[in-house]
Amino acid sequence: MCLLVFAWKTDPDHPLIFAGNRDERHDRAAAAAHVWPGTDAVLAGRDLAAGGTWLGVTLSGRFAVVTNYREGLDPPKAPCSRGALTADFLQGDMTPSAYLDALRPRAQDYGGFSLLVGDGDRLHGYSNRGGAGGPVAPGVHGLSNHLLDTPWPKVQLAKARFAALLEQKACNSDSLFRLLADRAPATDVALPDTGIGLELERRVSSAFVQNPVYGTRCSSMLRVRLDGDLYFAERRFTPTGESIETRHFHAAGDKP
């Protein structure tokens with residue numbers, strides 16, 4: 001059950017600062033973040049089961065991330081993979097609003113999702129399970145497996161800690177990876193009821209979900225500067241929650 005926090009147009013030097021955890025079954029094959037061959041410099045991990053990705057950027061400034069929308073223990077099956085939503089946007093040239101307008105008529109072909117897409121100047125969000133969608137307002141935002149800024153305990157806590165780092169001008173890879181590494185569960189009284197039972201609600205209520213079957217597979221952070229300069233880092237984990245690799249990427253911007 002993924003978690004992400006980001007600041008959109010709150011820092012005068014960095015229009016986008018992002019940190020997020022990807023949670024997935026550990027036996028689902030996936031490639032670490034890399035520049036995809038044959039693309040316009042798409043930098044992303046890759047789901048080797050369906051070919052998409054949960055999070056990616058391009059050297060031209062496109063950005064996309066998707067999370068599942070939690071719908072109980074037996075969510076309805078859908079014919080299309082949600083990872084294609086991000087991959088298609090990253091590899092295309094449509095504006096965020098045009099992409100989402102084209103997606104809406106076929107959005108129910110996918111399982112429940114919340115999607116963010118941006119091109120450096122604009123950032124838009126949309127969920128096929130409700131919410132108004134449209135442009136994301138400047139500010140600090142959080143998303144897990146519901147709608148943008150739904151106040152689940154781990155979303156609220158991560159947003160507060162993230163905002164403090166922004167205030168301190170301390171959003172570097174070390175501090176953001178520490179934020180994402182929090183394994184403390186929420187108290188029972190604060191847990192949402194999403195139809196998965198109390199025990200599982202507890203297990204997935206921490207920022208970092210440690211479980212040998214389903215848990216946090218990787219943590220990612222991204223900073224994009226006004227001139228387009230971007231820094232991206234990804235840290236991957238074993239099923240026991242141990243870090244196995246951290247990859248760092250930097251691309252110099254060319255905007256005046």
Side-chain angles (χ1 to χ4, degrees), residues 1-7 11 13-14 16-37 39 41-49 51-59 61-67 83 86-87 90 116 142-144 154-155 157-159 161-162 164-166 168-184 204 206-225 228-253:
M1 303 298 179
C2 303
L3 169 71
L4 59 92
V5 288
F6 63 95
D11 184 288
D13 299 318
H14 296 86
L16 178 63
I17 304 175
F18 169 96
N21 280 341
R22 174 186 180 242
D23 301 340
E24 181 56 89
R25 290 184 62 89
H26 289 289
D27 62 2
R28 187 177 178 104
H34 63 287
V35 177
W36 291 6
T39 67
V42 173
L43 171 59
R46 198 153 208 172
D47 172 27
L48 299 180
T53 186
W54 92 286
L55 163 70
V57 294
T58 72
L59 302 190
R62 296 174 77 79
F63 165 81
V65 63
V66 67
T67 65
T86 46
L90 293 169
L116 295 165
L143 175 64
S144 185
K154 67 178 179 181
V155 174
L157 181 58
K159 284 174 63 176
R161 290 175 172 173
F162 185 58
L165 291 175
L166 290 168
Q168 299 160 17
K169 304 289 185 183
C171 283
N172 53 53
S173 58
D174 289 340
S175 65
L176 292 177
F177 282 141
R178 281 196 298 271
L179 183 157
L180 296 170
D182 183 9
R183 306 185 186 197
V204 299
S206 54
F208 188 103
V209 178
Q210 183 179 345
N211 181 271
V213 176
Y214 180 101
T216 298
R217 296 281 300 272
C218 67
S219 298
S220 304
M221 61 83 55
L222 169 70
R223 292 196 311 268
V224 180
R225 246 178 24 197
D229 183 285
L230 69 85
Y231 171 70
F232 180 90
E234 179 188 82
R235 179 167 293 171
R236 296 192 301 139
F237 300 91
T238 68
T240 58
E242 299 172 84
S243 172
I244 53 174
E245 179 187 33
T246 302
R247 295 189 173 195
H248 300 267
F249 303 87
H250 175 255

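The first residue in the sequence is number 1, and the count goes up from there.
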Do Val204 and Asp23 have side chains that approach each other closer than 4.5 Å (heavy atoms only, starting at C-beta)? no
Arg217 side chain vs Arg28 backbone, donor-acceptor pair below 3.5 Å: yes
Pair Asn211-His26, side chain to side chain contact (heavy atoms under 4.5 Å, CB included): steps then yes or no: CA-CA 9 Å; Asn211 181 271; His26 289 289; 5.7 Å; no
When rounded to the nearest 0.5 angstrom, what distance separates CG in Leu90 from CG in Leu43? 9.5 Å
Heavy-atom pair of closest approach, residues Gly52 and Ala87: CA-CB, 4.3 Å
Side chain proximity check, Met221 to Tyr231, heavy atoms < 4.5 angstrom: yes
Heavy-atom check, side chain of His250 versus side chain of Asp229, under 4.5 Å: yes
For Ser219 and Phe237, the nearest pair of non-hydrogen atoms, with its separation, is OG-CE1, 3.4 Å
So, Asp11 side chain and Leu166 main chain: donor-acceptor pair closer than 3.5 Å or not? no
Can we say Glu245 and Arg236 salt-bridge, meaning some charged N sits less than 4.0 Å from an Asp/Glu carboxylate O? yes
Heavy atoms of Leu55 and Ser220 approach each other most closely as CD2-CB, 3.5 Å
Just so I know, are the side chains of Val155 and Leu143 near enough to count as touching, which here means a heavy-atom distance under 4.5 Å? no
Step by step, would you call Thr246 with Phe177 a side chain to side chain contact (heavy atoms under 4.5 Å, CB included)? CA-CA 10 Å; Thr246 302; Phe177 282 141; 4.1 Å; yes
Between Ile17 and Arg223, is the side chain to side chain contact (heavy atoms under 4.5 Å, CB included) condition met? List the steps. CA-CA 5 Å; Ile17 304 175; Arg223 292 196 311 268; 4.1 Å; yes
What's the verdict on side chain to side chain contact (heavy atoms under 4.5 Å, CB included) for Val65 and Phe6, showing C-alpha distance, side-chain angles and the deciding distance? CA-CA 11 Å; Val65 63; Phe6 63 95; over 6 Å; no
Is it true that a side-chain atom of Thr58 and a backbone atom of Ala41 form a donor plus acceptor pair closer than 3.5 Å? no
Using a 3.5 Å distance criterion without hydrogens, assess whether the side chain of Glu234 forms a donor-acceptor pair with backbone atoms of Ala33. yes
Looking only at heavy atoms, the pair that brings Cys171 and Leu165 closest together is SG-CB, 3.8 Å
Would you say that Thr216 contacts Leu180 through its side chain, given a criterion of any heavy-atom pair below 4.5 Å between the two side chains? no
Between atom NE2 of His34 and atom CZ of Arg247, what is the distance when rounded to the nearest 0.5 Å? 8.5 Å
Give a yes or no on whether the backbone of Ala170 and the side-chain of Ser175 come within a donor-acceptor separation of less than 3.5 Å. yes
Mind listing the closest non-hydrogen atom pair of Arg183 and Thr240 along with its distance? NH1-O, 4.4 Å
Assign the ring pair Trp54 / Phe18 to parallel, tilted or perpendicular, where the plane angle (0 to 90°) is split at 30° and 60°. tilted
Exercise: identify the closest heavy-atom pair between Leu222 and Phe63: CD2-CD1, 3.7 Å
Would you confirm whether Ser144, through its side chain, and Cys2, through its main-chain N or O, come within 3.5 Å as a donor-acceptor pair? yes
Between Lys154 and Phe208, is there a donor-acceptor pair closer than 3.5 Å when you use the side chain of the first and the backbone of the second? no
Pairing of Arg161 and Asp182 as salt bridge, 4.0 angstrom limit: yes
Measure the CG-OG1 distance between Asn21 and Thr67 for me, rounded to the nearest 0.5 Å. 12.5 Å
